[in-house]
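Inspection log for the structure reproduced underneath, given as structure tokens.
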Amino acid sequence: MQRYFTITQLTQEFDITTRTLRFYEAQGLVTPQRRGRQRLYTPGDRTRIKLILRGKRLGFSLAEVKELIGMYGSAPGEAGQLRLLMEKIAARREELLEKQRDIELTLLELEEVEAGALARMEELSPVTSEER
DNA sequence: TTTCTCACA
DNA sequence: TGTGAGCA
């Protein structure tokens with residue numbers, strides 16, 4: 001006895017649009033069955049969608065998520081899949097760390113500019129000892 | 001309602 | 001990586 005989900009059920013559950021789900025299908029990330037022209041999503045499809053959304057949250061592209069999930073019904077957690085996942089995690093971590101460094105440098109530069117601006121203001125209108 | 005295609009950001 | 005419009 002197979003239980004199916006309709007596209008609207010899934011869009012409501014995951015707070016995405018039907019356009020998005022069909023887009024994922026067009027990209028080959030999910031392959032729902034059809035009843036006539038209607039899409040029927042299995043619990044397995046639903047799990048895939050969960051994985052897609054989690055991958056997106058982690059900053060992976062749809063292409064990467066597709067690689068990670070595996071085009072063919074390979075069971076999640078297979079050795080090769082896990083190795084690939086570890087590689088993706090390492091790459092993603094490097095990306096984020098680099099961005100973090102960039103942000104820190106920018107923050108430092110902002111402080112320098114601010115210090116210069118404050119010094120200049122002080123030159124233009126010094127705070128007198130009376131005002132203190 | 002759902003689907004599809006095309007244009008668009 | 002999606003969205004909007006127009007159609008059937």
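Lettering follows sequence order; numbering is per chain, from 1.
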Looking for any heavy atom pair under 4.0 Å, which part of the strands does A/Arg22 touch: base, sugar-phosphate only, or nothing?
base

Tell me which pairs pass salt bridge (charged side-chain N to carboxylate O under 4.0 Å, His left out) where either residue lies in residues 54-64 of chain A, with sequence neighbours left out.
A/Glu64-A/Lys88

Output a table of donor-acceptor pairs, distance under 3.5 Å, between side-chain atoms of residues 16-24 of chain A and any protein atom two or more places apart or on a different chain; print 'none' if there are none.
from    : atom 1 : to      : atom 2 : distance (Å)
A/Thr17 : OG1    : A/Arg19 : N      : 3.4
A/Thr17 : OG1    : A/Thr20 : N      : 3.1
A/Thr17 : OG1    : A/Thr20 : OG1    : 2.9
A/Thr18 : OG1    : A/Arg22 : NH2    : 3.2

Protein-nucleotides 4-8 of chain C N/O pairs under 3.5 Å:
from  : atom 1 : to      : atom 2 : distance (Å)
C/dG4 : N7     : A/Arg19 : NE     : 3.4
C/dG4 : O6     : A/Arg19 : NE     : 3.4
C/dG4 : O6     : A/Arg19 : NH2    : 2.3

Under 4.0 Å between any heavy atoms, over every strand shown, what does A/Thr8 touch: base, sugar-phosphate, or nothing? Just pick one.
sugar-phosphate

Nearest-0.5 Å distance that lies between atom CD1 in A/Ile69 and atom CG in A/Leu85:
11.5 Å

Chain A vs DNA chain B, heavy-atom contacts under 4.0 Å, first-to-last nucleotide span, 5' to 3', is B/dT1 to B/dC6

Of all residues at least two apart in sequence or in a different chain, which pass the side-chain contact (heavy atoms from CB on, under 4.5 Å) check with A/Arg37?
none

Excluding sequence neighbours, so at least two apart, what forms side-chain contact (heavy atoms from CB on, under 4.5 Å) with A/Arg83?
A/Glu87

Think A/Arg46 forms a cation-pi with A/Tyr41, using NZ or CZ under 6.0 Å from the six-ring centre and within 45 degrees of its axis?
no

Residues passing the salt bridge (charged side-chain N to carboxylate O under 4.0 Å, His left out) test with A/Arg34, sequence neighbours excluded, are A/Glu25

Those residues that, when tested against A/Thr31, pass side-chain contact (heavy atoms from CB on, under 4.5 Å) (two or more places apart)
none

For A/Arg35, report the nucleic acid contact type (base, sugar-phosphate, nothing); a contact means any heavy atom under 4.0 Å.
nothing

Return the residues of residues 87-97 of chain A meeting this criterion: a heavy atom under 4.0 Å from some atom of DNA chain B. Order them by number, or give none.
none

For A/Gln27 and C/dG2, what is the distance between atoms CD and P respectively, to the nearest whole Å?
10 Å

Going through the distances and angles, do A/Phe14 and A/Ile49 end up as a side-chain contact (heavy atoms from CB on, under 4.5 Å)?
CA-CA 9 Å; A/Phe14 296 115; A/Ile49 293 164; 3.7 Å; yes

Should A/Tyr24 be listed as having a side-chain N or O under 4.0 Å from OP1 or OP2 of C/dG2?
yes

Taking only Watson-Crick and G-U wobble pairs with both distances under 3.5 Å, what dot-bracket line describes DNA chain C, where [ ] shows pairs that cross earlier ones and | shows pairs with another strand?
||||||.|

Hey, are the side chains of A/Asp45 and A/Pro32 touching, using non-hydrogen atoms and a 4.5 Å cut-off?
yes

Please list, one pair per line, the donor and acceptor atoms closer than 3.5 Å that link side chains of residues 95-119 of chain A to other protein atoms, with sequence neighbours excluded.
from     : atom 1 : to       : atom 2 : distance (Å)
A/Glu95  : OE1    : A/Arg92  : NH1    : 2.9
A/Thr106 : OG1    : A/Asp102 : O      : 2.9

Scan A/Thr17 against the nucleic acid and name what it touches under 4.0 Å (heavy atoms): base, sugar-phosphate only, or nothing.
sugar-phosphate

With no hydrogens and no angle check, just 3.5 Å: does a side-chain donor-acceptor pair link A/Tyr4 and A/Gln33?
yes

Among residues at least two apart in sequence or on other chains, which ones pass side chain to side chain donor-acceptor pair (under 3.5 Å) with A/Arg35?
none

